[in-house]
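For reference, the structure discussed in these notes is given below.
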Amino acid sequence: ADNANVEWLQFVVVNPKTKKVETERDDAIHQIKTLRNDSLSFQQINKSKTGEWTIIKTYTTDVERDSILIDVHFQTKNKKLNLYVYYNPSLDNSGMGDTAAYTVVGHFGSDKAYPYALIAKDKNVSSALVMNGVFIGLQEATNGFFGVNDGLIQLKKDGKLTNNESAKDGNVVQTAKAPIEKGNQNFSVVLSFGKNQDEALTNANRSSEKGFVKAQAEYDKLWAEYVKTLPKVEPKYQAQFNYAAMVLRASEDKTYRGGNVASLSNPWIPVGDANGPYVGGYHLVWSRDLYQVATAYMALGDKDSANRALEYLFTKQQKPDGSYPQISWLDGRPLGDGLQMDEVSYPLILAYQLGRNDKTTYEKHIKPTANFVAKNGPVTGQERWEEKGGYSPATIAAEIAGLVCAADIAQKNGDDSSAKAWLEKADDWAKNVEKWTVTTKGRYGDGNYYLRLTKNGTPDAGDKIELNNNAGTWLESEIVDPSFLELVRLGIKSPNDPLIVKSLKVVDEVLKVKTPNGDGFYRYTHDGYGEYHDGKPWNYDRTWTGKGHLWALLSGERGQYEIAQYFASEISFNEGLYQRSYQSKKIEKNQEGFELIRKPRTRLETMSKFANDGMMIPEQVWSQNNGVFQFGEGAGSATPLAWSMAQFIRLAVNLKAGKNLDTPEVVARRYGNLR
């Protein structure tokens, strides 16, 4: 999953008479449809902005081999239009170093049908692309270099292709004409991969022989069987819930099991960067994100997947000193040298929640990590937004909870001295977290609230912080972040703690935006990570600059806080109140209970509306009403973000349970926050 192989795969429509050339990507109005609620099955509908043509593409994969099958419907009243497939491979996670050619690959059910395949290779990855159902021969095809002599350049110049048999060792593009007849045509495209050309061609042949209809039926059947195992939530949100679960399942690598990538997307890669060999994007593993995914698996009742995630952390990411890398490739190779102490702490919490108390796990994995946290905390080289070091309330919350969870496992293994030392450290940090991270002289509210972080643990010293992404230098006391809510979710602070309540009022004053889809929240004041307000992508000019927008997962985290409020209220929660609250506009019996449980439901509603038409919940939501993107909907950030999908699952399940199931009981009990 961390080895991307395709830059573009689209169609080009050419009017040979006028030499007008239109691409799906740039000249069409795009629509996405989900085909069913129990399968990751999608359809793209691309209509020419001039209304002259429509291309409908339905996607599936061959569950038996590495092939994507696309059912294509080309519709037009102009019978003279020509249609071309345009494929820009970026094999082996790099745009450069590819070699492209075309070849005859046999026949499929007809003596007259001899399809050609477009083949490409780079080191140990090859691809083969065929069109069947209408292929009588290769009328036009070319292999060229992107931006130099590729097929699109040829079509715009001459209205047709110049047959080039091969292009070697570069950023290649493959283009071929589809022999459509009388304007409208149905056919399928098969794109297959393999370790070499023969394997890719064999996969393309066999998937073509199977055909789209059978492949789609097999694919849908397996997803439907998985969806039957998922919990039931309110019917209104079941489809989004199913898609969130399926995305997490799909994001788990099938070679390095347990390794869920943060996203299968690659947002904001500047032009040219994809030519390099080490483009990570978001299809990498962060232990923080993997913890979020694993707790979602637990909410789904899928303990096996959660255990695979923990085992992956132990065997692929954990270092000999007990720490974890900032990010890694799926095989465990580190990417980035940042030390993020929350990422080191979350595996301890996850091990406790999964009941991993055996001696081997404790001695080999838990004890080294807990010792590392105790020795190197509470400060962190980078907080959870991966930008700044110091005293972060969110990071400190993870460290405290991690040590308390590790101490519980230590006690179960008879290591009382380690448990005692870790608990003393955790208690000391819990006692001092306010001193390190709460200002009494801030400019918002009454001046008393949690900060994003402090460099030196002196929130009233007037220290300044230089924000990343060229977002300027500000007083630490001016930078607010809702991440202090981790202190509540992890059981360290009560949701009714006066400072928590005060800080939330400041968050609503400074970071909340009312969108057409509900309240969204910025990560922190003056965030610069995201598209510019005019729509230009982050870092488009390689200055690491942009403008931050609303993060969908923060609405979910606020919902979990509100569930904690409800749970702490000691109002009797039962299925009857839940059903009345959800299924009726009438408030029956307990007014206070209804109002408290209504708040997190509103957050769930907002998160579902943040999702696009394909039910993908993004990383960021557009925060402006300026017509560049849809206000309150995803823009160009990572979509779907696994953390966002996991947060939706947790909120939905916790809402039904009436409590946060991911709050470690041993932590909440120690700090007096367990009913």
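Please read these numbers as outputs of a predicted model, since none were measured by experiment.
None of Tyr540, Trp622, Trp268 except one satisfies the side-chain hydrogen bond (donor to acceptor under 3.5 Å, both in side chains) rule with Glu531; the exception is Trp268. A side chain to side chain contact (heavy atoms under 4.5 Å, CB included) with Ile56 holds for exactly one of Lys33, Gln75, Gln31; it is Gln75.
Aromatic ring orientation, Trp223 versus Tyr219: perpendicular (interplanar angle above 60°, classes split at 30° and 60°). Ring pair Tyr529/Trp538 is perpendicular by interplanar angle, where above 60° counts as perpendicular and below 30° as parallel.
Tyr59 and Gln216 form no side-chain donor-acceptor contact under 3.5 Å, judged by distance and modelled atom types alone. Between the side chains of Ser41 and Asp220, a donor-acceptor pair is found at a separation under 3.5 Å. Residues Thr545 and Asn470 bring a donor and an acceptor atom of their side chains to less than 3.5 Å of each other. Side chains of Asp71 and Thr58: no donor on one and acceptor on the other come within 3.5 Å. Side-chain contact annotation: Asp2 with His283, donor-acceptor N/O pair under 3.5 Å absent. With hydrogens and angles left out, the side-chain atoms of Tyr522 and Ser623 include a donor and acceptor closer than 3.5 Å. A donor and an acceptor atom, one from each side chain of Asn78 and Thr76, are nowhere located under 3.5 Å apart. No side-chain N or O of Asp150 forms a donor-acceptor pair with one of Gln154 less than 3.5 Å apart. A donor-acceptor pair shorter than 3.5 Å cannot be found between the side chains of Glu252 and Asn260.
Side-chain atoms of Ser263 come within 3.5 Å of backbone atoms of Pro640 as a donor-acceptor pair (strictly under, hydrogens ignored). Not one N or O on the side chain of Gln43 forms a donor-acceptor pair closer than 3.5 Å with the backbone of Lys57. Listed for the Thr175 side chain is no donor-acceptor partner under 3.5 Å among the backbone atoms of Thr142. Between the Asn626 side chain and the His533 main chain, a donor and an acceptor come within less than 3.5 Å of each other. With Ser644 contributing its side chain and Ala642 its backbone, the two residues share no donor-acceptor pair below 3.5 Å. Not a single donor-acceptor pair under 3.5 Å links the side chain of Asp66 to the backbone N or O of Gly194. At least one donor-acceptor pair under 3.5 Å links the side chain of Asn143 to the backbone N or O of Asn164. Side-chain N or O atoms of Asn5 include none that pairs as donor or acceptor with a backbone N or O of Leu91 at under 3.5 Å. Of the possible polar contacts, one joining the Thr23 side chain to the Asp26 backbone as a donor-acceptor pair under 3.5 Å is found. For Glu24 (side chain) and Gln10 (main-chain N/O), no donor-acceptor pair under 3.5 Å exists by modelled atom type.
Aromatic pair Trp643/Trp551: centroids not less than 6.0 angstrom apart. Proximity of the aromatic rings of Trp53 and Phe11 is defined here by a centroid distance below 6.0 angstrom, and this criterion is not met.
Residues Leu118 and Ala176 come closest through the heavy atom pair CD1-CB, 4.0 Å. Listed here is the closest heavy atom pair of Lys49 and Ala28: CE-O, 3.7 Å. In plain terms, the two heavy atoms of Ser207 and Asp62 that are nearest each other are OG-OD2, 2.8 Å. A pairwise comparison of heavy atoms in Gln240 and Ser608 identifies OE1-O, 4.1 Å as the closest pair. Summarising the geometry of Lys19 relative to Lys157, their closest heavy-atom pair is NZ-O, 4.2 Å, with the distance given to 0.1 Å. Scanning all heavy atoms of the two residues, the minimum distance from Val172 to Ala100 falls at CG2-CB, 3.8 Å.
Around the CD atom of Glu165, the shell of radius 6.0 Å holds no more than 12 heavy atoms that belong to other residues, nucleotides or ligands. Around the NZ atom of Lys254, the shell of radius 6.0 Å holds more than 12 heavy atoms that belong to other residues, nucleotides or ligands. By the neighbour-count criterion of 12 heavy atoms within 6.0 Å, atom NZ of Lys547 is sparsely surrounded, having that number or fewer from other residues, nucleotides or ligands. Counted within 6.0 Å of NZ on Lys160, heavy atoms from surrounding residues, nucleotides or ligands total 12 or fewer; the atom is thus considered open. In Lys47, the NZ atom is not crowded: 12 or fewer heavy atoms of neighbouring residues, nucleotides or ligands sit closer than 6.0 Å. Glu218 CD: more than 12 foreign heavy atoms inside a 6.0 Å radius. More than 12 non-hydrogen atoms from other residues, nucleotides or ligands lie less than 6.0 angstrom from CG of Asp541.
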Verdict with reasoning, Tyr256 to Trp329, per ring pair (Phe, Tyr, Trp, His ring centres under 6.0 Å): CA-CA 10 Å; Tyr256 297 98; Trp329 299 92; over 10 Å; no

Evaluation steps, salt bridge (charged side-chain N to carboxylate O under 4.0 Å, His left out), between Lys514 and Asp519: CA-CA 5 Å; Lys514 290 185 178 295; Asp519 293 343; 3.6 Å; yes

Candidate pair Phe610 and Glu633, rule side-chain contact (heavy atoms from CB on, under 4.5 Å), full reasoning: CA-CA 5 Å; Phe610 284 163; Glu633 297 183 13; over 6 Å; no

Candidate pair Met616 and Tyr243, rule side-chain contact (heavy atoms from CB on, under 4.5 Å), full reasoning: CA-CA 8 Å; Met616 303 292 112; Tyr243 269 80; 4.0 Å; yes

Worked verdict on Lys236 versus Glu605 for salt bridge (charged side-chain N to carboxylate O under 4.0 Å, His left out): CA-CA 9 Å; Lys236 182 178 181 180; Glu605 175 82 9; 3.0 Å; yes

Gln292/Gln647 under side-chain hydrogen bond (donor to acceptor under 3.5 Å, both in side chains): CA gap, chis, key distance, verdict: CA-CA 7 Å; Gln292 305 291 342; Gln647 181 60 68; over 6 Å; no

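Two residues are said to be in side-chain contact when any heavy atoms from C-beta on lie closer than 4.5 Å; Lys20 and Val14 fail this criterion. Residues Leu83 and Ile55 form a side-chain contact, since some pair of their non-hydrogen atoms from C-beta on lies under 4.5 Å apart. The shortest distance between side-chain heavy atoms of Leu152 and Val21 falls below 4.5 Å.
To the nearest 0.5 Å, atom CD of residue Glu7 and atom CG of residue Asn88 are 5.5 Å apart. For the atom pair Ile119 CD1 and Leu129 CG, the distance stands at 11.5 Å (nearest 0.5 Å). If you take CG on Asp613 and CD on Gln44, they are separated by 12.0 Å, rounding to the nearest 0.5 Å.
Taking the charged nitrogens against the carboxylate oxygens, Arg523 and Glu619 have no contact shorter than 4.0 Å, which rules out a salt bridge. Residues Lys210 and Glu64 are paired through a salt bridge, judged by an N-O separation under 4.0 Å between the basic side chain and the carboxylate.
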